[in-house]
Number of protein chains: 2
Amino acid sequence: MIKNLKRVLGEDIPEELYELLQQYSFEKSFDKKVLLSEAGADCKYQYFILEGSVYSYYVNEKGDKSVIELAIEEYWITDAASYFTGKPSVANIKTLEPTRALLINREDYDALCCAHPLFDRFFRILMQNALASLHDRILGTISEDAEHRYREFSRLRPYFVQRIPQYLIASYLGIKPQSLSRIRKNLFQK
Amino acid sequence: MIKNLKRVLGEDIPEELYELLQQYSFEKSFDKKVLLSEAGADCKYQYFILEGSVYSYYVNEKGDKSVIELAIEEYWITDAASYFTGKPSVANIKTLEPTRALLINREDYDALCCAHPLFDRFFRILMQNALASLHDRILGTISEDAEHRYREFSRLRPYFVQRIPQYLIASYLGIKPQSLSRIRKNLFQK
DNA sequence: CTGCTTTCTTAACATAGGTGAATCATTTTA
DNA sequence: TAAAATGATTCACCTATGTTAAGAAAGCAG
């Protein structure tokens with residue numbers, strides 16, 4: 001999380017920020033396959049992953065699961081609509097590996113932003129970056145075929161391909177595991 | 001734009017904010033079908049639509065166009081990746097109807113945020129909302145079929161359905177105009 | 001009003017990706 | 001180490017959406 005702060009705000013940050021962060025957040029460790037937040041409930045925290053991996057997924061009326069986000073070290077994850085607005089969440093958030101994360105709840109988040117305006121800035125920029133990367137994802141999803149999306153994903157996130165099971169990557173890309181398997185076979189033959 | 005400010009920060013805002021906004025932004029009017037920003041170039045402005053409608057689209061290697069965003073009054077639009085980071089943009093932004101918008105360029109945006117910390121907050125929250133709504137869109141795109149997406153779109157954005165040509169809505173939903181036509185026929189028969 | 005241009009619809013056919021079921025490989029647990 | 005989960009692959013068949021092409025409607029400019 002300190003890394004995120006420095007990356008966004010620059011290397012020399014007021015000492016004060018660290019203290020405030022300590023005050024308004026806490027670390028927690030989880031086993032693998034632990035449900036951190038459940039659809040229907042209020043998503044209480046945003047999670048900055050320090051170690052391990054986490055994903056969020058949505059289950060539609062038909063019962064199909066779709067991966068919304070994948071997060072490893074230095075990523076953050078939450079159900080934005082729920083966390084930021086207080087609405088019931090539509091996403092489930094679950095650890096994949098044993099995970100250590102920094103948690104901030106909504107009240108502390110607001111307090112943090114009121115305690116020092118640089119937090120408003122930090123999170124603004126964090127959101128801007130997230131927005132830009134979501135735009136890219138939408139773009140891929142609506143304008144490229146599955147093979148293209150998989151190739152891009154592998155290129156941009158090789159670490160994910162190594163650590164995350166294929167059926168979750170398939171789901172993240174909007175296809176079924178069988179289809180990803182078929183696509184990979186195809187790619188290897190070329 | 002004042003409406004956005006009030007919606008996000010509450011009704012009673014320091015007078016100062018209006019003055020700063022005036023200082024660091026300007027209004028401009030455009031005819032319909034005017035290109036505001038072009039792929040490959042630096043996307044210089046973010047646009048708050050005061051009147052009219054605007055959309056952004058991406059053209060992939062094959063030459064297929066895909067609508068990234070649709071914006072009418074009280075929406076804002078830009079190529080986030082380019083505007084926020086300075087990279088060349090991948091999107092084209094074009095007016096659909098004659099449009100009046102408030103423009104903020106990158107330097108003024110930064111200056112605005114430095115001039116008053118409430119702007120950091122305002123834009124943070126703006127980004128959070130955009131993020132939540134993009135998440136919803138991704139969710140729909142990867143986990144629901146086209147008919148479902150169109151029904152949701154019509155339900156959530158009836159104004160768009162009235163004003164925006166169908167072929168752009170189709171593209172926004174990630175399908176071809178012929179498919180949307182087929183889907184609509186199907187829906188009417190039910 | 002007339003003749004463009006833009007948008008929408010329809011239809012026949014093609015294809016990427018989904019479905020369901022079986023098998024194999026790998027990891028976890030007892 | 002055996003048994004049970006879990007994850008990946010393959011295959012035959014199916015379906016939603018894409019493609020190509022044509023014409024109908026609607027909007028607009030002269």
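To find a chain, count down the sequence lines: A is the first, B the second, and so on, and within it residues start at 1. All figures in this text were calculated on a predicted structure; none of them were measured in a lab. We use all heavy atoms of the structure for the numbers below, so side chains are in, but hydrogens, waters and symmetry mates are not.
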Between N or O atoms, less than 3.5 Å apart, protein on one side and nucleotides 22-30 of chain C on the other: list the pairs.
| unit_1 | atom_1 | unit_2 | atom_2 | d |
| --- | --- | --- | --- | --- |
| C:dT28 | OP1 | A:Lys32 | NZ | 3.4 |

| field | Contacts of A:Tyr150 that satisfy ring-ring contact (aromatic ring centres under 6.0 Å, His included) - sequence neighbours left out | value | none

| message | Nearest whole Å is fine: how far is D:dT17 C1' from B:Arg184 CZ? | response | 17 Å

| Whole-Å distance between C:dG17 P and A:Asp64 CG? | 17 Å

| With sequence neighbours excluded, residues passing side-chain contact (heavy atoms from CB on, under 4.5 Å) with B:Ala39 | B:Asn92

| remark: Taking five pairs at each terminus, the helix from C:dC1-D:dG30 to C:dA30-D:dT1 shows an axis bend, to 10°, of 50°

| side-chain hydrogen bond (donor to acceptor under 3.5 Å, both in side chains) with A:Asp120: which residues, sequence neighbours excluded? | B:Arg121, B:Arg124

Using residues 19-32 of chain B as the side-chain source, report each donor-acceptor pair under 3.5 Å to any protein atom, sequence neighbours left out, with the distance given to one decimal.
| unit_1 | atom_1 | unit_2 | atom_2 | d |
| --- | --- | --- | --- | --- |
| B:Ser25 | OG | B:Leu21 | O | 2.6 |
| B:Glu27 | OE1 | B:Arg100 | NH1 | 2.8 |

| task | Can you sort out which residues in residues 160-182 of chain A have a heavy atom within less than 4.0 Å of DNA chain C? Ascending by number, please. | result | A:Gly174, A:Ile175, A:Lys176, A:Gln178, A:Ser179, A:Arg182

Tabulate below the donor-acceptor pairs under 3.5 Å that side-chain atoms of residues 2-14 of chain A make, not counting sequence neighbours, or state none.
| unit_1 | atom_1 | unit_2 | atom_2 | d |
| --- | --- | --- | --- | --- |
| A:Lys3 | NZ | A:Glu74 | OE2 | 3.3 |
| A:Arg7 | NH2 | A:Glu74 | OE1 | 2.5 |

| query | Can you list every salt bridge (charged side-chain N to carboxylate O under 4.0 Å, His left out) pair that touches residues 146-155 of chain B, not counting sequence neighbours? | reply | B:Glu147-B:Arg151, B:Glu147-B:Lys190, B:Glu152-B:Arg155

| task | Not counting sequence neighbours, list each pair that qualifies as a ring-ring contact (aromatic ring centres under 6.0 Å, His included) and has a residue in residues 113-138 of chain B. | result | B:Tyr109-B:Phe123

| Nearest-nucleotide pick for A:Ala146, side chain only, options being D:dT17, D:dT9, C:dG17 | C:dG17

| remark: For A:Arg106, the salt bridge (charged side-chain N to carboxylate O under 4.0 Å, His left out) test, sequence neighbours excluded, returns A:Asp42

Pairs of donor and acceptor atoms involving the side chains of residues 160-175 of chain B, under 3.5 Å and at least two apart or interchain, shall be tabulated with distances.
| unit_1 | atom_1 | unit_2 | atom_2 | d |
| --- | --- | --- | --- | --- |
| B:Arg163 | NE | B:Glu97 | OE1 | 3.3 |
| B:Arg163 | NH1 | B:Glu73 | OE1 | 2.7 |
| B:Arg163 | NH2 | B:Gly52 | O | 3.0 |
| B:Arg163 | NH2 | B:Glu73 | OE2 | 3.4 |
| B:Arg163 | NH2 | B:Glu97 | OE1 | 2.4 |
| B:Gln166 | OE1 | B:Arg184 | NE | 3.4 |
| B:Ser171 | OG | B:Val67 | N | 2.7 |

